[in-house]
Amino acid sequence: MKDVERGEIICLNCGWVVVDHVMDQGPEWRAFNEEQRLRRARAGSPLSPLKPNKGLSTMIDWRNKDVSGKFLSPEKRPQLSRLRRLNKIISVSEPSEKNYMIAFAEIERIVAQLGLPRAIAEEAAILYRKAAKKRLIKGRSIESMAAACIYAACRMHKIPRGLDEISGSARADRREIGRSYRLLAKEVILKVPPSKATDYVPRLINTLRLSAEVEQLAIRIIREAYSLRLTSGRMPKGLAAAAVYLAAILMNQKRTQREIASNANVTEVTVRNRFKELMEKLQFIVVV
DNA sequence: AAGACGAAAGTGGTTGA
DNA sequence: TCAACAACTTTCGTCTT
């Protein structure tokens, strides 16, 4: 019922673009997505924010020249190569760097498992650095903070994932992640726009294979609902699900409540309740 | 037979003392 | 820190298509 894994395509750079392509795919799109996702997820060299030292640590040039460009004397070369080797070891064995390595490995693991875009991993890594700088990880597990960073990064990039979706793939329990996230939100992230209902729409439209018109309409419905104060205290994803349901009906592309509910990670009942409210308050839209 | 609907009891998260 | 509370879920029976 709460199936977490779902082939889904997101542009690995910006988080959005590829979605459009998916709309045109035939029945095979799911497999195509998965395949492409895996292929892309493993491609390319690791990007800088995910390296413990951001790629900015001291490097000793491999050319045996000194500052003035003259070649070094033969006696000095072995010494230099020893230095190089030592420098390499030291640069990752400093305690804080080791911490980063564990954290970043965890971040990459979760991101890969959930099929999230690379930008998320980078954002999460940046957040993790900031958290570490403020000593927020003291007394907390690295894993929970890493997961919290991913959760935050997802929200910042408008790719909403539930806390439970992430905790499902994390090596820390939901409660701990929640705590870490709160701390993170308070101390590091200055402004996190609370996730809006419209953020959930593209993903739903996608997995349900609905058309772009439905998406537009659903978003319009949500805007209306928002301006009518129908949204306070309600789960954004619940509202999103109901709006998509309504939009699909209006566009003659009806999906069952069950389909929508399971894809939005809410229950049918919630979809129904939101749907009912929408019908009560938004009648004038239907008339038009 | 499957989807939609709603009531009742249960659950987790927020709020206020 | 604890209890009250609202929103949401689960479960299940009934109605509609």
Side-chain angles (χ1 to χ4, degrees), chain A residues 1-6 27 136 139-141 143-145 147-152 154-156 160-189 191-201 203-205 207-211 214 217-218 221-283 285-286:
Chain A
M1 160 169 332
K2 283 190 177 178
D3 53 341
V4 182
E5 247 336 280
R6 188 160 301 279
L136 298 184
R140 221 167 306 276
S141 79
E143 287 82 2
S144 74
M145 185 53 83
C149 288
I150 291 175
Y151 178 59
C154 283
R155 290 179 55 161
M156 292 170 71
R161 288 297 187 278
L163 203 46
D164 31 331
E165 285 181 85
I166 289 172
S167 66
S169 305
R171 313 195 94 244
D173 81 24
R174 200 183 175 292
R175 184 144 187 82
E176 282 302 312
I177 297 173
R179 279 172 181 232
S180 295
Y181 173 71
R182 265 194 183 180
L183 199 65
L184 189 67
K186 195 190 290 181
E187 301 288 334
V188 176
I189 310 165
K191 51 163 194 172
V192 184
S195 70
K196 287 179 301 182
T198 47
D199 299 337
Y200 289 90
V201 172
R203 185 180 173 211
L204 272 177
I205 296 291
T207 55
L208 293 167
R209 285 189 247 164
L210 287 163
S211 72
V214 176
L217 184 56
I221 290 169
I222 291 170
R223 295 242 168 84
E224 266 323 299
Y226 185 75
S227 67
L228 289 174
R229 315 282 147 76
L230 272 188
T231 53
S232 72
R234 269 74 215 269
M235 266 182 157
K237 58 182 178 177
L239 176 63
V244 169
Y245 178 61
L246 175 56
I249 291 173
L250 292 178
M251 288 300 189
N252 285 321
Q253 300 181 34
K254 181 162 177 164
R255 296 292 185 274
T256 65
Q257 291 181 355
R258 198 162 301 156
E259 274 182 287
I260 291 183
S262 72
N263 280 301
N265 282 320
V266 295
T267 56
E268 293 173 64
V269 183
T270 302
V271 175
R272 271 203 293 279
N273 291 338
R274 289 297 82 74
F275 176 65
K276 216 174 76 185
E277 288 172 7
L278 286 177
M279 290 303 275
E280 285 167 12
K281 308 274 177 169
L282 292 184
Q283 271 176 347
I285 276 195
V286 181

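Being a predicted model, the structure only gives us computed values, none of them experimental. Just the heavy atoms: all of them, side chains too, but no hydrogens, waters or symmetry mates, feed the values below.
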Compare every heavy atom of A:F275 with every heavy atom of A:A242, then report the nearest pair and how far apart it is. CB-N, 3.6 Å
Nearest whole angstrom, please: distance from the C1' of B:dG6 to the NZ of A:K276. 8 Å
Nearest-Å distance for atom pair CZ/C1', residues A:R272 and B:dA4: 6 Å
Does a side-chain N-to-carboxylate-O contact under 4.0 Å join A:E268 and A:R258? yes
Kindly determine whether A:R272 and A:Y245 satisfy side chain to side chain contact (heavy atoms under 4.5 Å, CB included), including the steps that lead there. CA-CA 9 Å; A:R272 271 203 293 279; A:Y245 178 61; over 6 Å; no
Specify the separation, in whole Å, of atom NZ of A:K237 and atom P of C:dC8. 10 Å
Below 3.5 Å is the cut-off: list the nitrogen or oxygen pairs between protein and nucleotides 13-17 of chain B, distance only.
unit_1, atom_1, unit_2, atom_2, d
B:dG13, OP1, A:R174, NH1, 3.0
B:dT14, OP2, A:R182, NH2, 3.2

Could you state the atom-to-atom distance from CZ of A:R255 to P of B:dA2 in whole Å? 19 Å
Side chains of A:E176 and A:S141: donor-acceptor distance under 3.5 Å anywhere? no
How many Å lie between CD1 on A:I260 and C1' on B:dA4, as a whole number? 13 Å
Of A:V269 and A:K254, the one whose closest nucleotide on DNA chain B sits nearer the 5' end is A:K254
Whole angstrom is fine here: how far is it from CD in A:E268 over to P in C:dT11? 12 Å
Is A:F275 touching bases, backbone alone, or none of the nucleic acid, heavy atoms closer than 4.0 Å? nothing
Using the side chain to side chain contact (heavy atoms under 4.5 Å, CB included) rule, take A:V214 and A:S211 through it: C-alpha gap first, then chi angles, then the decisive distance, then the call. CA-CA 5 Å; A:V214 176; A:S211 72; 3.5 Å; yes
Between C1' on B:dA2 and CD on A:Q257, what's the gap in Å once rounded to a whole number? 12 Å
A:R258 CZ to B:dA2 C1': how many Å, rounded? 7 Å
Stepwise side chain to side chain contact (heavy atoms under 4.5 Å, CB included) check, A:L217 with A:L246: CA-CA 9 Å; A:L217 184 56; A:L246 175 56; over 6 Å; no
Counter-base of C:dA6, judged by Watson-Crick or G-U geometry with both distances under 3.5 Å: none
Heavy-atom closest contact (A:A147 atom, A:I177 atom, distance): CB-CD1, 3.6 Å
